[in-house]
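Inspection log for the structure reproduced underneath, given as C-alpha cells.
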Amino acid sequence: MPELPEVETVRAGLEPVLVGRSLARVEARRPDLRFPLPDGFVQRLTGARVLNLRRRAKYLLAGLDRGGALLMHLGMTGRFEVEGAAMRDGFALAAPADAKHAHILFETDEGVRITFYDARRFGFMDLVEDDDRRLLALGPEPLGADFDATVLARAFAGRRQGPKTLLLDQRVVAGLGNIYVCEALHRARISPTQPAASVAPRRLEPLVAAIKDVLGEAIAAGGSSLRDFAAANGELGYFQHSFRVYDQEGEPCPNRGCRGTIRRTVQAGRSTFFCPTCQR
DNA sequence: AAAGTTGCCTGCAAGC
DNA sequence: TGCTTGCAGGCAACTT
C-alpha cells in the first residue's frame, strides 16, 4: 500500500506507539527482505530508543538515540500491524496472523508489538546516517513549499519522455507513484504521454496544484487500500473510492464538460490510466 | 494476469 | 574514430 499518502498514514499510525519508546526486542525472521539486512541489524536496534518517526518521499525513518536511523521502505506489499500491550498483563503475544510473511518483529518497552509483513518482499530496511545516498538523491517533497512550477519547468525542459514517467522519477519530485501521478495529470488535463518539453509553461502551476490537492485529499482519507484482504487492526484508507482514472478503464471521464472514456496504456512497463479526449 | 516499488541493465544517440 | 555521458525502455526481485 505504498505511495506518499499511504506511507504518511502508516507513519501517523506508528508514531504514538513508537516514538519515545525503546525497542525491547527485535526479531528478524529471515536474513533479507528485498536486500540483505545490514550486519548486526537486530543487535544494533535492540535497546535503542526511537527519538522520532519521519517520512521522506516513500521512506520511513526512525531516528535512534544511539545515532543514525532505521530506514524502512514498504515496497509494493509492505505493511505494519500493531498489537496492544499484552506483555503488561503477563500474556504472551499471539503468533503473527500471517506468519509466512511476518518478516520483522519489534517489541517496545511497553509491550507493544509491531510486525512488518511483506508478501512480495519488495520492501527493505537498513540502518543509515543522514547522508545516505538514497535520501540525498531525492527531489523535493511534493507537499513542500519548494516544490513549484519552476521545479517542473527544469525537469521537463528538453525531455521527450512523457510527464507521467518524469513525475514517477523520485529525483524530480519524491513520493509520487503510479496512482497519484495518473490522478494528478487527469485533474490538470495534461496528456501523460506527450513529450514533457511540449507541455506549455502556463500549465505547470495547475499541475503542481493538482498534485498537492490529490495528495492532500488522499492523506485526509487515510490513503488508498487496494487488494487489502484481512483488515488489519488499523482502519483501511478509503481514497480508492475517489479515483477518477486509476483502474477506471472504460468508465466515462469525470472531468467537467468532457464526454471521453478512460483508457489504459502502458508506459515504462506500468499502467497509465487517462482520458485521451481532455488530456492533451 | 496483473499488481501500488526501486534499481540495474541494455542499446542507442549525442557530445567532445 | 573512440570515449563518455545521458536517455529511454525493459526487466527483475516475489506472491496472491
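Each chain gets a letter, A, B and so on, in the order the sequences are listed, and its residues count up from 1. Note that these values count all heavy atoms, side chains included, but never hydrogens, waters or copies made by symmetry.
Closest to the A:H73 side chain, of the nucleotides C:dT15, B:dT6, B:dG4, is B:dT6. For A:K100, whose side chain is taken as the heavy atoms from C-beta onward, the closest listed nucleotide among C:dT16, B:dA3, B:dT6 is C:dT16. Nearest to the side-chain atoms of A:K58 among the listed nucleotides C:dT16, B:dT6, B:dA3 stands B:dT6. Among the nucleotides C:dC14, B:dG4, B:dT6, the one closest to any side-chain atom of A:P2 is B:dG4.
The distance between atom CG of A:L74 and atom P of C:dT15, rounded to the nearest whole Å, is 18 Å. If you take CZ of A:R56 and P of B:dT6, they are 13 Å apart, rounded to a whole angstrom. In this structure, the CZ atom of A:R34 is 11 Å from the C1' atom of C:dC14, given to the nearest Å. Whole-Å rounding puts the A:R264 CZ to B:dA1 C1' distance at 10 Å. Taking atom NE2 on A:H103 and atom C1' on C:dA13, their separation rounds to 13 Å, with Å as the unit. Taking atom CZ of A:F124 as the reference point, atom C1' of C:dA13 lies 12 Å away to the nearest angstrom. Put simply, CZ on A:F122 is 11 Å from P on C:dA12, counting in whole angstrom units. Atoms CD (A:Q267) and P (C:dC11) sit 16 Å apart, rounded to a whole Å.
Comparing A:R30 and A:A268 by the nucleotide of DNA chain C whose heavy atom lies nearest to each, the residue mapping closer to the 5' end is A:A268.
The ring pair (Phe, Tyr, Trp, His ring centres under 6.0 Å) with A:F273 is formed by just one residue from the set A:Y246, A:Y180, A:F243; it is A:Y246.
Listed pair A:T77 / C:dT15 fails the phosphate criterion, with no side-chain N or O lying under 4.0 Å from OP1 or OP2. Between A:H101 and C:dT16, a side-chain N or O to OP1/OP2 separation shorter than 4.0 Å is present.
Linking Ile, Leu, Val, Met, Phe, Trp and Tyr residues whenever their side-chain heavy atoms come within less than 4.5 Å places A:V26 and A:L18 in a single cluster. Hydrophobic clustering (side-chain heavy atoms under 4.5 Å, transitive across Ile, Leu, Val, Met, Phe, Trp, Tyr) groups A:F35 together with A:L61.
Between A:Y59 and A:H73, the angle of the ring planes goes over 60°, which puts this pair in the perpendicular group of the 30/60° scheme.
By the 4.5 Å heavy-atom criterion applied to side chains, A:E141 and A:L4 are counted as neighbours. Counting only heavy atoms from C-beta outward, the side chains of A:P254 and A:H186 approach each other to under 4.5 Å.
Surrounding CZ of A:R66 are more than 12 heavy atoms belonging to other residues, nucleotides or ligands, all under 6.0 Å away. Annotation for A:D169: atom CG counts as buried by contact number, over 12 foreign heavy atoms lying within 6.0 Å.
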Strand DNA chain C in bracket notation, Watson-Crick/G-U under 3.5 Å with | for pairs to another chain = .||||||||||||.||
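Taking only distance into account, the side chain of A:R134 never meets the base of B:dT6 through a donor-acceptor pair shorter than 3.5 Å.
Residues A:R49 and A:D109 are not paired through a salt bridge, judged by the lack of any N-O separation under 4.0 Å between the basic side chain and the carboxylate.
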Please lay out, stage by stage, how A:E6 and A:L74 fare under the test side-chain contact (heavy atoms from CB on, under 4.5 Å).
-> CA-CA 10 Å; A:E6 291 73 36; A:L74 303 176; 5.8 Å; no
Please test A:L53 against A:M72 for side-chain contact (heavy atoms from CB on, under 4.5 Å), starting from the C-alpha separation and ending with a verdict.
-> CA-CA 11 Å; A:L53 185 64; A:M72 298 173 279; 4.2 Å; yes
All N/O contacts under 3.5 Å from nucleotides 10-16 of chain B to the protein, with atom names and distances to one decimal?
none

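Near-neighbour residues of DNA chain C inside residues 157-192 of chain A, defined by a heavy atom below 4.0 Å, number-ordered: A:R159, A:R160, A:Q161.
The residue A:R121 sits close only to the backbone: its heavy atoms come under 4.0 Å of sugar-phosphate atoms, none of a base.
For A:T77 and A:R120, the side-chain atoms include no donor-acceptor pair closer than 3.5 Å.
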